[in-house]
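Working notes, beginning with the structure itself.
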Amino acid sequence: MSTARASVSNEKLIIAGRAFSSRLIIGTGKYRSYDQMRSAHEASGAEMVTVAVRRVPLDRSSESFLDYLSPSLQILPNTAGCYTADDAIRTARLAREALQTDLVKLEVIGDQTTLFPDNEQTLEAARVLVKEGFVVLPYFNDDLIMAKKLLDAGCAAIMPLAAPIGSGLGVQNPANLRIMREQLPDATIIVDAGVGTASDAAIAMELGADGVLMNTAIAEAEDPAKMATAMKLAIEAGRLAYLAGRMPKRLYASASSPLQGVIK
């Protein structure tokens, strides 16, 4: 492994004092089989997996994807399907009791068609959950002001969307993510929702994201394990490019070879 790749590999994603070598957070939904899900998880190198609390039998009374998760994966419960702050708070409390983790990906949806988040309800729920000792990672619109409010509320990381959930459109507002990174240099920013392929993940990382959460892009690929591998490499490449610092964009050409000393 080259020195550059080694430095990225040794770099950790820190969330509330917990260190993760992988900057990819993977999901559990939409796979065609549990075995396919498990293979994709292994190929991704991810160390954290998000679980929709409302669609799984937490008492393990029947078979579910929970039975196919690697014990090494950190479970990140999410409150998908909640439309009010109160509903999300109840779901997070249930997840903590059943899954024995204080981590929660907070989702409060505001519209059934677009699945865009309700930022105000998300902030209300975040304030309550932080006070109750949860490590809150809120999903929200890519809005700088809301990002600041969520961080002020005590959220451990913020999760702005790239595009609507499951759309595969990629990063739609790169300027917003760049501004968020520049204005919040110490925040942990994890891009969530809308990634479709490896180049989308690389772009998110090149814009300064600390990580990317994805599900549909891998689960609905023709070969999920191959796509998971591609996402792993894309996130590593995007992070390395961000740390390297890209060249400035220019309107006109700039000769690759220096003109000094050219034989005339």
Cut-off 3.5 Å, side chains only: do S70 and S72 have a donor facing an acceptor? yes

Could you pull out all donor-acceptor pairs under 3.5 Å where a side-chain atom in residues 108-117 meets a protein atom, sequence neighbours excluded?
residue, atom, partner, partner atom, Å
D111, OD2, T113, N, 3.2
D111, OD2, T114, N, 2.7
D111, OD2, T114, OG1, 2.8
T114, OG1, F116, N, 3.2

Can you pull out every salt bridge (Lys or Arg N to Asp or Glu O under 4.0 Å) where at least one residue sits in residues 178-198? Sequence neighbours excluded, please. K105-D192, R178-E182, R181-D210

Please test L150 against L123 for side chain to side chain contact (heavy atoms under 4.5 Å, CB included), starting from the C-alpha separation and ending with a verdict. CA-CA 6 Å; L150 289 165; L123 179 60; 3.8 Å; yes

Smallest heavy-atom separation, V53 atom then P77 atom, equals CG2-CB, 3.7 Å

Side chain to side chain contact (heavy atoms under 4.5 Å, CB included), that's the test. Do T101 and Q74 meet it? Break it down for me. CA-CA 9 Å; T101 179; Q74 170 66 58; 3.5 Å; yes

Is a side-chain donor or acceptor of N173 paired with a backbone partner of A175 at a separation under 3.5 angstrom? no

Could you pull out all donor-acceptor pairs under 3.5 Å where a side-chain atom in residues 219-227 meets a protein atom, sequence neighbours excluded?
residue, atom, partner, partner atom, Å
D223, OD1, A225, N, 3.3
D223, OD1, K226, N, 3.1

Is a side-chain donor or acceptor of D118 paired with a backbone partner of Q121 at a separation under 3.5 angstrom? yes

Rounded at 0.5 Å granularity, tell me how far CE in M214 sits from CG in L24. 5.0 Å

Partners of R38 by salt bridge (charged side-chain N to carboxylate O under 4.0 Å, His left out), sequence neighbours excluded? D35

Between A157 and I190, which heavy-atom pair has the shortest distance, and what is it? CB-CD1, 4.4 Å

Atom of A16, atom of A156 and distance for their closest heavy-atom approach: CB-CB, 4.1 Å

Taking the side chain from T79 and the backbone from A92, do they hold a donor-acceptor pair closer than 3.5 Å? no

Mind checking the CG-CD1 spacing from N215 to I165? Nearest 0.5 Å is all I need. 10.0 Å

Check for a donor-acceptor pair, side chain of N176 on one end and backbone N or O of D142 on the other, with a separation under 3.5 Å. yes

What I'd like to find out is whether the side chain of M180 reaches to under 4.5 Å of the side chain of L207, using heavy atoms alone. no

What pair of heavy atoms forms the shortest contact from T216 to G166, and how long is it? OG1-CA, 3.7 Å

M146 CE to D152 CG distance, which is reported to the nearest 0.5 Å: 11.0 Å

I'd like to know if L213 and L13 are part of one continuous hydrophobic network [Ile/Leu/Val/Met/Phe/Trp/Tyr, side-chain heavy atoms within less than 4.5 Å]. yes

Please confirm whether the backbone N or O of K12 pairs with a side-chain atom of R23, one donor and one acceptor, at under 3.5 Å? yes

Do the non-hydrogen side-chain atoms of V51 and N78 ever get within less than 4.5 Å of each other? no

Are L103 and L94 co-members of a hydrophobic cluster defined by side-chain heavy atoms under 4.5 Å apart? no

Evaluate the side chain to side chain contact (heavy atoms under 4.5 Å, CB included) criterion for residues L76 and V49: first the C-alpha distance (whole Å), next the side-chain angles of each, then the deciding distance (0.1 Å), finally the verdict. CA-CA 6 Å; L76 173 63; V49 60; over 6 Å; no

Would you sort out whether I158 and F140 count as a side chain to side chain contact (heavy atoms under 4.5 Å, CB included), showing the intermediate values? CA-CA 8 Å; I158 49 175; F140 70 110; 3.6 Å; yes

Is any side-chain heavy atom of M205 closer than 4.5 Å to a side-chain heavy atom of Y242? no

Only counting residues at least two apart or in another chain, list the ones meeting ring-ring contact (aromatic ring centres under 6.0 Å, His included) with Y83. none

Just grab all the side-chain hydrogen bond (donor to acceptor under 3.5 Å, both in side chains) pairs involving residues 131-141, residues at least two apart or on different chains. R93-E132

Charged N-O contact under 4.0 Å between R239 and E11: yes

If you measure from CG on L137 to CE on M48, what distance do you get to the nearest 0.5 Å? 7.0 Å

If you take all heavy atoms of R96 and G133, which pair is closest and at what distance? NH1-C, 4.0 Å

Do you know the tightest heavy-atom contact between T50 and T28? O-OG1, 3.3 Å

Assess the side chains of K232 and S22: does a donor N or O sit below 3.5 Å from an acceptor N or O? no

